[in-house]
Amino acid sequence: MDARLEAIRDTVLARNPGEGEFHQAVTEVFESLGPVHDRHPEFLEGAILERLCEPERQIIFRVPWVDDAGRFQINRGFRVEFNSALGPFKGGLRFHPSVNLGIVKFLGFEQIFKNALTGMPIGGGKGGSDFDPRGRSDAEIMRFCQSFMTELYRHIGEYTDVPAGDIGVGGREIGYLFGQYKRITNRYESGVLTGKGISWGGSLVRPEATGYGTVIFAEEMLKTRGLSFDGQRVVVSGSGNVAINAIAKAQTLGATVVACSDSSGYIVDEAGIDVALLRQIKEVERGRLKDYEARRSAVTYVDGGSVWDLDATVALPCATQNELDGAAAARLVRHGLLAVGEGANMPSTRDAVAVFQEAGILFGPGKAANAGGVATSALEMQQNASRDSWSFAHTEERLTEIMVGIHDRCAATADEYGDPGNYVLGANIGGFVKVADAMLAQGLI
Ligand code: GLU
């Protein structure tokens, strides 16, 4: 890492102790930025990096709620409003027991660059809670969401901060959050949240967008080597919204997706995953992946273990951060891997990224490859602002244009900085320069 940047990075780490994922995300970005600062000394003089690493505002709050047995429960809520140089803070809410300030900050930091890469007018933020939705009844989920919004509402707004979903937050939760916001504020402010239902201000394609976008990005990478998804053997991790839609899109493009996983294990379906069955189990029944095995022939369910033990030509990690380590990356590379598209946020460890890059694997980092979700959230905001709703075909066409645009911008930036094919460099520099220019223009704030 460039010595000037290393000194700033060390201060950031010392000032934010114990936030390992945040340190990881910051270090990865800083490693790409040396050449930018050689060309743009004004970014150093303007303390852009120091400001980028210090969120504009961090909100931590108590979320009290009553469970079905009448017991009082207390969770912790977060919203980190990281950077608003390009637009209102924008980013999802994650409900998962692993959520803490460091996790929210790594996600919020990544979101700044991701959102800049989309070319849409959105800043970066993230939030969530250590609430564990697993095993909770619908009524408990509703009470939790209502309590969460009873504090959050005062911090958000169409022009201020626009949350959406992430792990543990889907259409149902956005509905309860939106209802409570509307009740408290007495405003039908559609643009305050994205990921809404179609009949109350949502956008077609938003549910599919992150998974579809990841595959569109990976397809563009494959094309640079005269390849495509057609005929590829794909392994996906996760089985939530991102994974399911990535599987659907990859198979539409002619790939066979042979496996996906949840936190208990993974399924292997050599004939190609039956997306309708998977949706039924995960989205309708809210069940576990294990249920898939009994309902389809020639399927193996592996209890525990890692889906990255399987061979694939294309790997799409769509589960969570740091799920794919250096050893798994090395094994995949030895067994014929061609490309990786990150559907999750930072799913590959720094070791894994290094292995992929040294082996010349096409590697699409999350902040570029999974930007289709937030980009389509921005399309939802456009529709809300104009009180319009677009067709599926039109919205999907816009998503495709945006993903191809992100791919091309990352590739062109990597070329410009002398490292062709390095999408990590392209994404970090491409996102950074856009935000840095806007921050300089707006003065020291
Ligand atoms: N949570 C998603 C992400 O990681 C989407 C955020 C949004 O739509 O605002 O980008």
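Whatever order the structure lists them in is the order used to number ligands and atoms, beginning at 1. The first residue of the sequence shown is numbered 1, and numbering continues consecutively from there. Please read all numbers here as calculations on a predicted model, not as lab measurements.
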* Asked: Thinking salt bridges, do E158 and R187 make one under a 4.0 Å N-O criterion?
  -> no

* More than 12 non-hydrogen atoms from neighbouring residues, nucleotides or ligands closer than 6.0 Å to CZ on R76, yes or no? -> no

* Can you find an N or O of D166 that's nearer than 3.5 Å to an N or O of ligand 1? -> yes

* Asked: Can you tell which part of R206 has a heavy atom less than 4.0 Å from ligand 1: side chain, backbone, both or neither?
  -> side chain

* Would you please determine whether E110 falls within less than 4.0 Å of ligand 1 on a heavy-atom basis? => no

* Asked: Near N345, which atoms of ligand 1 are under 4.0 Å from a heavy atom of that residue?
  -> 4 (O)

* **K114 with E110: basic N within carboxylate O range, under 4.0 Å** => no

* To do: Could you tell me the residue and atom name of the protein heavy atom closest to atom 9 (O) of ligand 1, and the distance to it rounded to 0.1 Å?
  => K90 NZ, 2.7 Å

* **Residue-ligand contact G165/ligand 1, heavy atom below 4.0 Å** => yes

* To do: For the pair N370 (side chain) and G343 (backbone), establish whether a donor and an acceptor sit closer than 3.5 Å, ignoring hydrogens and angles.
  => yes

* Asked: Taking NZ, NE, NH1 and NH2 as the nitrogens, is one of them in K249 or E219 under 4.0 Å from a carboxylate oxygen of the other?
  -> no

* Before giving the answer on side chain to side chain donor-acceptor pair (under 3.5 Å), spell out for S137 and R143 the whole-Å C-alpha distance, their side-chain angles and the decisive distance to 0.1 Å. => CA-CA 10 Å; S137 71; R143 288 196 295 275; 5.3 Å; no

* **Atoms of ligand 1, numbered as shown, that sit under 4.0 Å from any heavy atom of A164** => 7 (C), 8 (O), 9 (O)

* How does R94 reach ligand 1, by side chain, by backbone, by both or by neither, if only non-hydrogen atoms under 4.0 Å count? -> neither

* Structure fact -> Taking only non-hydrogen atoms of K114 and a 4.0 Å limit, the atoms of ligand 1 in range are 3 (C), 4 (O), 10 (O)

* Structure fact -> So the atoms of ligand 1 within less than 4.0 Å of a heavy atom of S377 turn out to be 7 (C), 8 (O), 9 (O)

* Structure fact -> Going by the 4.0 angstrom heavy-atom rule, the piece of K126 near ligand 1 is side chain

* Asked: Does S129 have any side chain to side chain donor-acceptor pair (under 3.5 Å) partners at least two apart in sequence or in another chain, and if so, which?
  -> none

* Asked: Among K90, K196, R206, which one satisfies salt bridge (Lys or Arg N to Asp or Glu O under 4.0 Å) with E380?
  -> K196

* Asked: Nearest to atom 6 (C) of ligand 1 by heavy atom, A371, G92, P163: which?
  -> G92

